[in-house]
Amino acid sequence: MIFISGLCLFALATGLAAVAPERSLRYTYLLMFVGAVFAGAGSVLAVYAPPTAICVSSIIEYIPVSFAAGPLSGFFGLVLSAIAAPVSLYSAGYCPQGRTKAVLYGLFVLSLYALFYSADAVSFIIAWEAMSIFSYFLVISHTEDQESGRAGLVYSVMTHAGTALILAAFFAAYAVTGRFDFDGMRVGLAGSPEWIRSVIFCLSFLGFGMKAAIIPLHLWLPRAHPAAPSNVSALMSGIMVKAGIYGMLLMGFYVLGANVAWWGMVILVTGIICSVLGVLYVLMEHDIKRLLAYSSVENIGIILLGMGASALFASAGMRALAGLALAAAMFHVLNHAMFKGLLFMGAGAVHKATHTRNMEEMGGLLKRMPYTGLFFLIGCVSISALPPFNGFSSEWLTFQSLILGSQTPRIYMELATLLGGAALALTGGLAAASFIKAFGIPFLGQPRSAKAENADESNRPMILAMGIAAAACLALGLFPSGVLGLISKIPLSGLDQVSKAGVYPGMATRALLSPVNVAGGFAQIQPAGILAFMLAGLAALLVFLKIFWRRPKTVYRDSWDCGMQALTPRMQYTATAFSKPVRVVFKNIYMPKKEVSTVYALKPFFVSSMAYKSQIRPFFEEFLYRPALKAFDKLAMSAKRLQSGSLQLYLGYMLLTLLAMLVLWA
Amino acid sequence: MLAKWIGLFSVIDFISAGMLVSVVAMNSLKRIDGCIKAYAANSWLLASMMGASAVYLSEPHLYAAAFYTIAVKCIGIPYVLKRVAKELKVTRETDPYVSGPVSTMASFALVGIVYSALSRGISVTGFAQNSLEVAVSIILVSLFTMMIRKKAITQVIGLLFMENGLFLAGFSLTRGMPTLVELGVLFDLFMGVLILGVFLSQIKKTFVSVDLDRLTNLKG
């Protein structure tokens with residue numbers, strides 16, 4: 001009931017945005033905020049309540065369209081609300097003008113709600129397409145950008161290819177079971193042979209993987225996400241890519257049960273590739289929004305690591321471990337939504353203030369935008385998986401479940417999970433490095449351009465929204481037990497084991513993260529305790545300084561000046577320079593190209609100007625997509641010989657084909 | 001009573017034979033005016049067949065379908081076509097790729113192929129068991145007409161004939177599609193004709209002719 005009223009409120013706000021005067025658009029965003037809060041509360045209730053149908057109708061006979069609230073839907077509804085609420089508030093400050101964007105934004109969120117709550121394949125596909133189309137319009141809505149049209153094209157082509165695969169998976173399931181509703185598919189597919197289930201799994205994994213932007217199907221993401229307005233990028237990165245994860249959970253885990261070993265291997269290896277390569281590309285980006293977009297690829301990889309490990313454990317019959325790994329993955333879904341939403345909001349605030357997305361033109365923003373900087377820092381700390389913030393909790397759980405993979409009976413599972421753990425560790429380190437860059441270059445030091453120098457603090461709704469998201473990051477990090485209790489109610493492989501006493505004591509009751517029985521000698525950790533410890537240490541340090549340290553004479557100079565004077569912003573560490581060591585270490589993957597051109601006044605000593613250009617080669621575009629496109633072009637050119645340009649000849653082809661078919665088949 | 005007569009005199013078969021004759025006539029006619037009249041005749045026959053089937057099967061929604069067909073295909077579209085032809089000042093097909101007698105012979109051959117091909121594999125039962133052959137023949141003959149003519153308006157007429165054939169096949173095999181679907185198709189068709197009319201006058205403006213072989217210039 002609360003959920004429905006929240007949704008109605010949201011829909012009302014969307015409708016109002018279409019008719020209200022331009023000045024009052026911000027109030028419709030505020031109404032959306034309230035609606036999202038209610039819908040979130042209703043979603044939490046939906047997790048605990050038994051599955052109930054919301055509405056059932058049919059567009060055509062025999063094809064039902066039904067929506068239902070269940071635990072899995074409720075959880076993703078909660079994730080959506082948790083990010084849509086602050087982003088709606090943020091939008092009130094970020095884009096108070098632009099009616100079309102407001103309406104599209106509202107429809108986009110509503111289609112996501114419809115997607116998560118749909119109970120059968122037909123309504124799912126309708127909501128899925130609506131989501132894709134609204135987000136496509138939002139991507140191309142940024143008319144100031146030349147790139148966005150092209151980005152939109154790549155996005156729409158790839159997302160429709162994904163939808164085609166998903167449709168194929170649904171129809172395959174329908175052909176076997178004769179049912180369109182997911183519960184019916186689950187029952188019907190339980191006894192069917194493995195190859196059929198594998199075909200459906202592969203189709204849905206690839207189809208949903210397109211939306212989740214698994215490598216190498218990620219091509220659209222770093223183009224489309226930066227092209228959209230920042231409030232929409234926050235939603236696209238925070239929750240729309242999770243729609244792909246939701247689809248995988250729904251088809252792979254709920255409908256098919258995810259208990260075949262090689263499915264787990266596929267998911268796990270994809271997770272390894274996504275997380276490591278994703279973070280490597282994060283490091284090389286200097287466009288702040290593209291950087292965040294690639295970071296989504298990395299985090300999807302981390303989520304897939306948990307899911308893949310869960311499927312592996314389930315195939316080995318280890319339900320408790322499967323539950324742990326899956327709980328970690330789902331927890332990371334929520335956490336990533338929160339901190340990535342926060343970071344995109346921060347990036348949007350920076351973009352709005354400086355009118356550039358290039359980090360090399362920023363600098364010194366912390367002094368000009370202190371609140372934005374603080375919240376962006378919290379987002380960076382969370383995404384770098386440092387305690388006591390939320391990224392740490394879920395990545396730590398994922399890490400533990402991967403290490404516990406050593407208990408599996410098969411050697412290849414053991415190797416795969418341990419390799420996954422190593423990949424996660426590497427990813428964490430590189431992510432920390434990249435987000436030091438993402439915070440340090442724009443916010444610290446001196447302004448590198450006039451744009452950065454003239455930046456102003458964001459307006460109040462934006463700061464408030466970022467503050468809410470930052471507080472949520474801290475709260476989720478400190479008290480993970482509530483969310484884990486919520487996750488344990490979801491009927492997926494082994495999740496019910498998560499809170500059972502003896503397996504994970506205290507997980508649902510105390511603010512304690514512990515993968516297994518403490519008596520068994522495995523790790524446990526208490527994020528709140530870490531925070532208390534950190535605060536105590538800080539206090540002790542302050543007291544110590546107060547007593548023993550006499551304040552020397554303070555001289556104020558520019559940042560990173562080392563006491564010298566006349567440092568110019570051009571002498572600062574740049575983003576390119578910061579990532580140079582990684583570029584050298586991983587040069588086999590990046591294949592960097594650099595170009596130095598020098599103009600001499602008098603060779604070889606007097607240089608009048610130098611230009612340095614460095615770029616990395618986009619591996620997948622150059623070695624996967626471009627050859628494929630070239631081959632396709634060639635095929636198309638050879639088909640061109642048939643085309644004379646004469647309409648009558650084309651009609652002749654048709655007539656001949658029809659006649660041939662008539663004579664041969666009849 | 002009426003239904004019994006319709007069965008007794010095989011009215012439905014007569015009407016479909018009439019439709020076949022009208023399409024063959026269209027194929028050999030050169031004057032645009034005649035082609036439009038042939039189309040109107042074909043549509044009237046289609047509508048009367050629907051009416052007859054409505055009586056024969058006592059399916060009330062077929063009456064409605066017959067009514068829509070009369071409104072759109074027998075009156076609306078021929079009127080628009082006549083106006084377009086007048087506006088474009090095309091009166092006759094000047095030099096088709098295949099001459100009149102040869103194309104008539106070819107259409108006979110096509111009908112023969114259809115009948116011999118369909119007599120083997122498919123067996124249709126029901127009230128309109130002889131309509132399928134007629135429908136497929138209409139489709140193929142009108143496609144052939146489109147193939148051998150140059151004037152754009154003849155192409156449109158051929159397309160409309162094809163649609164009539166499809167309609168005949170659809171409703172004779174299924175005892176009538178849902179009213180909503182039929183309405184949608186008719187609306188589509190009417191819009192299509194209007195748009196084609198606009199396009200034709202635009203083509204005329206651009207190429208000073210509505211001969212479609214000029215379109216070859218557009219090839220990239």
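Proteins get letters first, then strands, A, B, ... in listed order; numbering begins at 1 in each.
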Q: Counting distance only, does the side-chain N/O of S16(B) pair as donor-acceptor with the main-chain N or O of V134(B) below 3.5 Å?
A: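 Side chain of S16(B) to backbone of V134(B): no pair is present.
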
Q: Please determine if K73(B) forms a cation-pi arrangement with Y39(B), meaning its NZ or CZ atom is less than 6.0 Å from the six-membered ring centre and no more than 45° off the ring axis.
A: no

Q: Where on V114(B) is there a heavy atom nearer than 4.5 Å to chain A: the side chain, the backbone, both, or neither?
A: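 For V114(B), the contact with chain A is made by backbone and side chain together.
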
Q: Would you check if the distance from the ring center of F170(A) to the ring center of W128(A) is below 6.0 Å?
A: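 Centroid separation for F170(A) and W128(A): 6.0 Å or greater.
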
Q: Apply the test side chain to side chain contact (heavy atoms under 4.5 Å, CB included) to residues F67(A) and S73(A): give CA-CA distance (whole Å), side-chain angles for both, the deciding distance (0.1 Å), then the verdict.
A: CA-CA 10 Å; F67(A) 296 92; S73(A) 306; over 6 Å; no

Q: In residues 100-107 of chain B, which residues are in contact with chain A at a heavy-atom separation under 4.5 Å?
A: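 Counting heavy atoms that sit under 4.5 Å from chain A, no residue of residues 100-107 of chain B is involved.
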
Q: Are there residues of residues 138-146 of chain B that reach to under 4.5 Å of chain A by heavy atoms, and which ones?
A: L140(B), L143(B), F144(B), M146(B)

Q: More than 12 non-hydrogen atoms from neighbouring residues, nucleotides or ligands closer than 6.0 Å to CZ on F14(B), yes or no?
A: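 Counting neighbours around CZ of F14(B), 12 or fewer heavy atoms of other residues, nucleotides or ligands fall under 6.0 Å, so no.
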
Q: Are K211(A) and S132(A) linked by a side-chain donor-acceptor pair shorter than 3.5 Å?
A: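 The criterion, which ignores hydrogens and geometry beyond distance, is satisfied for S132(A) and K211(A).
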
Q: When you look at Y155(A) and S135(A), which way does the side-chain hydrogen bond (donor to acceptor under 3.5 Å, both in side chains) test go after all the steps?
A: CA-CA 9 Å; Y155(A) 171 54; S135(A) 56; 2.6 Å; yes

Q: Got F108(A) and M131(A) here, is their nearest side-chain heavy-atom distance under 4.5 Å?
A: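 Counting from C-beta outward, F108(A) and M131(A) do come under 4.5 Å.
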
Q: Which pair of heavy atoms, one from L81(B) and one from I153(B), lies closest together, and at what distance?
A: O-CD1, 3.9 Å

Q: Kindly indicate whether the side chain of F171(A), heavy atoms from C-beta on, has any atom under 4.5 Å from the side chain of F180(A).
A: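 Yes, close enough: below the 4.5 Å cut-off.
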
